[in-house]
Amino acid sequence: MKNREGDSSNFSSKPTNGGLAHLARVLAWQARGDRFESGILHKFFYNKNTQTNLFGYFFLYFIITMFYTYIIYSKSLNKYYIGSCQDIQKRLQDHLNGRSKFTKIAKDWELKHHETFETQSDAMKRELQIKKMKSRKYIENLIETKG
């Protein structure tokens, strides 16, 4: 199998100095939707000495790691804010504690709606899609219909 650089070198069955770089490239290819052989990941994580497969643990981490598009509302400003993040509770606290330029003028933000995505890219695309609508009616309808 040829990798992106064109050489057909095999990945080692145990991580080496370059192993993490290979892994990062493979995961980046997956995030962009490029085709890759899942056997690469298996070879990377399978330890022949202990007969264990660390891939399952690593894969589980990525399954649990989700990304969100969210809508918060401030009653005092009568405004909505749309954003995306990885940790929705931490991000809400950031808004409440004035760590965001737009939302620091109010302290009463509450989460009205959120959607879950597997990749940060998908969450950001959805955020931009909602923002491009430029419609309060659309946002309120979204909140009502998806609860």
Side-chain angles (χ1 to χ4, degrees), residues 1-6 11-47 50 52-147:
M1 182 187 101
K2 292 193 183 261
N3 63 21
R4 283 222 180 234
E5 287 76 31
F11 287 87
S12 136
S13 62
K14 61 181 181 177
T16 61
N17 288 341
L20 291 177
H22 289 300
L23 175 63
R25 272 193 301 252
V26 168
L27 294 174
W29 297 342
Q30 179 191 22
R32 287 192 309 266
D34 291 349
R35 185 170 173 245
F36 73 94
E37 298 294 330
S38 61
I40 293 170
L41 292 176
H42 176 75
K43 287 178 185 177
F44 184 84
F45 286 104
Y46 185 74
N47 186 335
T50 61
T52 58
N53 185 348
L54 299 177
F55 176 74
Y57 298 112
F58 190 77
F59 188 71
L60 183 60
Y61 171 78
F62 278 100
I63 293 290
I64 293 171
T65 304
M66 301 302 289
F67 297 90
Y68 303 92
T69 297
Y70 62 91
I71 300 173
I72 56 177
Y73 175 75
S74 169
K75 194 172 188 175
S76 64
L77 296 175
N78 191 26
K79 290 193 179 223
Y80 290 97
Y81 177 86
I82 301 122
S84 60
C85 65
Q86 186 172 1
D87 184 344
I88 202 163
Q89 293 304 321
K90 181 181 179 296
R91 188 65 180 132
L92 181 58
Q93 287 304 314
D94 288 347
H95 288 297
L96 292 171
N97 295 325
R99 292 189 197 111
S100 177
K101 187 176 180 179
F102 178 82
T103 60
K104 70 180 177 182
I105 55 179
K107 302 290 183 209
D108 63 340
W109 295 100
E110 58 184 80
L111 183 65
K112 290 294 188 177
H113 176 77
H114 73 277
E115 297 174 16
T116 307
F117 298 91
E118 291 180 7
T119 66
Q120 183 178 17
S121 175
D122 290 342
M124 292 174 75
K125 285 177 188 173
R126 179 63 173 144
E127 174 189 355
L128 290 175
Q129 181 185 30
I130 295 170
K131 286 180 175 180
K132 283 182 180 178
M133 295 300 288
K134 296 184 180 186
S135 169
R136 183 181 185 101
K137 191 174 184 176
Y138 176 79
I139 292 169
E140 290 173 347
N141 185 41
L142 186 64
I143 292 168
E144 288 176 22
T145 57
K146 292 197 175 181

Item to check | Residue pair Lys125, Thr119: steps toward the side-chain contact (heavy atoms from CB on, under 4.5 Å) verdict | outcome: CA-CA 10 Å; Lys125 285 177 188 173; Thr119 66; over 6 Å; no
Checklist entry - Can His113 and Ile130 be said to form a side-chain contact (heavy atoms from CB on, under 4.5 Å), step by step? => result CA-CA 12 Å; His113 176 77; Ile130 295 170; 5.5 Å; no
Next on the checklist: Please evaluate residues Asp94 and Trp109 with respect to the criterion side-chain contact (heavy atoms from CB on, under 4.5 Å), reporting the C-alpha separation (whole Å), side-chain torsions for both, the decisive distance (0.1 Å), and the verdict.
Outcome noted: CA-CA 10 Å; Asp94 288 347; Trp109 295 100; over 6 Å; no
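In this structure, CD on Gln120 lies 10.5 Å from OG1 on Thr69, to the nearest 0.5 angstrom. Note that CZ of Arg136 and NZ of Lys79 are 9.0 Å apart. Values are rounded to the nearest 0.5 Å. Summarising the geometry, atom CD1 belonging to Ile71 is positioned 4.5 Å from atom CG belonging to Leu142; distances are rounded to the nearest 0.5 Å. Here NZ of Lys90 is found 10.5 Å from NE2 of His95. Values are rounded to the nearest 0.5 Å. With rounding to the nearest 0.5 angstrom, the SG atom of Cys85 is 9.5 Å from the NE2 atom of His114. Interatomic distance, OH of Tyr70 versus CZ of Arg91, reported as 4.0 Å (0.5 Å rounding).
Ion pair Asp122/Arg126 not flagged as a salt bridge, since none of the NZ, NE, NH1 or NH2 atoms sits closer than 4.0 Å to an Asp/Glu carboxylate oxygen.
Ring planes of Phe102 and Tyr81: parallel class, angle under 30° (limits at 30 and 60°).
Side-chain contact between Ile143 and Tyr73 is absent, with no heavy-atom pair separated by less than 4.5 Å. Between Gln93 and Leu96 the shortest side-chain heavy-atom distance falls below 4.5 Å. You'll find the side chain of Arg99 stays beyond 4.5 Å of the side chain of Lys104, heavy atoms only. Side-chain contact check for Phe67 versus Met124: every heavy-atom pair is 4.5 Å or farther apart. When side chains are defined from C-beta on, Met133 does not count as touching Ile82, because their heavy atoms never get closer than 4.5 Å.
Crowding of Glu115 atom CD: a count of heavy atoms from other residues, nucleotides or ligands under 6.0 Å exceeding 12.
Proximity of a side-chain donor or acceptor of Ser74 to a complementary backbone N or O of Asp108 within less than 3.5 Å is not detected.
The nearest pair of heavy atoms linking Ala123 to Ser84 is O-CB, 3.9 Å.
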